Engineer: 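One structure coming up, written as structure tokens, with questions to follow.
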Amino acid sequence: MNRARQAFRAARRVLVITGAGISAESGIPTFRGEGGLWKGFDATQLATPQAFDGDPELVWEWYRWRKQICNEASPNPGHRAVAEMEHREGDFLLLTQNVDGLHPRAGSKKLVEIHGCIDQARCTRCASVFGVPASEGMPRCSDCGALARPHILWFGESYWAGTLDRGIAFARQADFCLVVGTSGMVWAPSAVALEAKQQGAFLVDVNPEQSQISSYADAWLAGPAGAILPELLAEVPE
Ligand code: OAD
């Protein structure tokens, strides 16, 4: 913790990468933990284009259930600490894999939601993006009337143009990279973190369990984000 604090204090460009674990203490199930099941379906099977093609109604039902959990949840001290880091650091970027919207609600502004946002839908025909309507059922595009899908990056889909490039460009200049609450099973965010490390950033992993990142990290802070992140910020002068 002391080495991580010192590195953060000395840093000029800070990159933070978060995953589902940072929202676990807000009551949002992680993908690969116990909460990854819904009505017997595995989250990693439902979050796919194949699942949507086969049964769009089921996939929408699952997303509406998740959206309600996300909307009813509140940001926790981990999200607030990340927002606080942004206010302390001039040069800052947050890449989140989470679609729950808790980072922006905690006050984060310099962020990229690389997997999309649970509150948005996208037309399957004209690709226009709009807010998910409150009414039940499958949303239709407000422009062309075609079926809409959740505006979420699903398994097997390519990242949207520009999102990863921005992260990689920032990672190459970062001197501190903090990874929080991700198993590291999705290659792209892990690759951005390792790029930062390779270019000289001090890499910190915050996770109660060993992740794909922990063994590469300069410091693995083993514990829940809601406790560890405020501790990381403590004693750092305003
Ligand atoms: P995972 O569910 O794979 O991993 C969650 C991680 O959070 C695990 O390593 C846990 O040990 C850790 N964790 C649990 N509680 C924690 C806490 N209180 N504080 C810190 N860490 C904690 O979630 P992700 O790595 O985010 O993508 O999964 C990445 C992506 O997989 C998701 O964004 C989703 C899924 O495919 C898409 O939908 C495209």
Side-chain angles (χ1 to χ4, degrees), residues 1 4 16-38 41-52 59-60 62-63 65-67 69-70 73-82 94-103 106 111-122 149-160 163-164 167 178-194 204-217 219-233:
M1 174 58 87
V16 179
I17 299 173
T18 63
I22 196 169
S23 296
E25 291 158 81
S26 295
I28 299 177
T30 58
F31 264 79
R32 294 176 179 81
E34 290 163 19
L37 277 182
W38 171 78
F41 294 99
D42 188 329
T44 57
Q45 284 163 2
L46 286 173
T48 61
Q50 292 80 5
F52 188 75
V59 172
W60 265 115
W62 179 57
Y63 272 102
W65 171 76
R66 290 186 62 210
K67 176 172 160 19
I69 294 174
C70 295
S74 300
N76 67 52
H79 298 105
R80 286 196 286 275
V82 172
L94 166 61
L95 291 188
T96 187
Q97 301 170 77
N98 300 344
V99 299
D100 54 38
L102 292 181
H103 279 302
L111 89 158
V112 186
E113 293 171 302
I114 60 172
H115 291 168
C117 172
I118 197 99
D119 292 319
Q120 292 183 324
R122 185 172 81 241
R149 56 166 277 177
H151 183 46
I152 304 269
L153 189 86
W154 284 333
F155 288 103
E157 294 185 320
S158 306
Y159 279 86
W160 298 308
T163 49
L164 277 188
L178 176 68
V179 178
V180 186
T182 179
S183 60
M185 301 291 279
V186 173
W187 70 269
S190 303
V192 175
L194 296 182
V204 176
D205 188 31
V206 176
N207 197 316
E209 309 290 332
Q210 184 155 23
S211 75
Q212 303 275 342
I213 303 289
S214 317
S215 52
Y216 299 98
W220 168 27
L221 305 179
I228 297 280
L229 294 186
E231 219 184 306
L232 184 65
L233 285 185

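First listed ligand is number 1; within each ligand, the first listed atom is number 1. The structure presented is a predicted model; accordingly, all values stated were derived computationally and were not measured.
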Engineer: If you measure every N or O of Gly181 against every N or O of ligand 1, does any of those distances drop under 3.5 Å?
Structural biologist: yes
Engineer: Under a 3.5 Å cutoff, is there a donor and acceptor pairing between the side chains of Gln97 and Thr182?
Structural biologist: yes
Engineer: The criterion is salt bridge (Lys or Arg N to Asp or Glu O under 4.0 Å); which residues satisfy it with Arg66, sequence neighbours excluded?
Structural biologist: none
Engineer: Looking at ligand 1, does any of its N/O atoms fall within less than 3.5 Å of an N/O of Ser211?
Structural biologist: no
Engineer: Check each atom of ligand 1 against the heavy atoms of Gln97 and keep those under 4.0 Å away; list them by number with element.
Structural biologist: 29 (C), 30 (C), 33 (O)
Engineer: Between the side chains of Ser23 and His103, does any donor sit under 3.5 Å from an acceptor?
Structural biologist: no
Engineer: Taking non-hydrogen atoms only, is Ala24 closer than 4.0 angstrom to ligand 1 via side chain, backbone, both or neither?
Structural biologist: side chain
Engineer: Under the side-chain hydrogen bond (donor to acceptor under 3.5 Å, both in side chains) criterion, do His115 and Thr96 qualify, and how do the steps go?
Structural biologist: CA-CA 8 Å; His115 291 168; Thr96 187; over 6 Å; no
Engineer: Going by heavy atoms, is Val186 under 4.0 Å from ligand 1?
Structural biologist: yes
Engineer: List every atom of ligand 1 that sits less than 4.0 Å from any heavy atom of Glu209, numbering the atoms from 1 in the order shown and giving each element.
Structural biologist: 11 (O)
Engineer: I'd like the name of whichever of Glu157, His115, Gln210, Glu25 reaches closest to atom 18 (N) of ligand 1 through any heavy atom.
Structural biologist: Glu25
Engineer: Please check if the distance between the ring centroids of His151 and Trp160 is under 6.0 Å.
Structural biologist: yes
Engineer: Under 4.0 angstrom from ligand 1, any heavy atom of Asn207?
Structural biologist: yes
Engineer: Before signing off on this row, confirm whether Ala20 and ligand 1 have an N or O atom pair separated by under 3.5 Å.
Structural biologist: yes
Engineer: Which of the atoms of ligand 1 are close to Phe155, meaning less than 4.0 Å from one of its heavy atoms?
Structural biologist: 35 (C), 36 (O)
Engineer: Would you say the side-chain atoms of Glu113 pair up with the backbone N or O of Val99, donor to acceptor, closer than 3.5 Å?
Structural biologist: no
Engineer: How are the rings of Phe52 and Trp154 set to each other: parallel, tilted or perpendicular (split at 30° and 60°)?
Structural biologist: tilted
Engineer: May I ask you to list the atoms of ligand 1 that are less than 4.0 angstrom from any heavy atom of Pro224?
Structural biologist: 17 (C), 18 (N), 19 (N)
Engineer: Which of the numbered atoms in ligand 1 are under 4.0 angstrom from any heavy atom belonging to Leu153?
Structural biologist: 37 (C), 38 (O), 39 (C)
Engineer: With a 4.0 Å cut-off on N to O distance, would you call Glu157 and Arg122 a salt bridge?
Structural biologist: no
Engineer: Go through the side-chain N and O atoms of Ser183 and Ser211 and say whether any donor and acceptor fall under 3.5 Å apart.
Structural biologist: no
Engineer: With heavy atoms of Gly19 as the reference, note each atom of ligand 1 found under 4.0 Å away.
Structural biologist: 26 (O)
Engineer: Nearest heavy atom to atom 22 (C) of ligand 1 wins, so pick from Pro150, Gly226, Pro208.
Structural biologist: Pro208
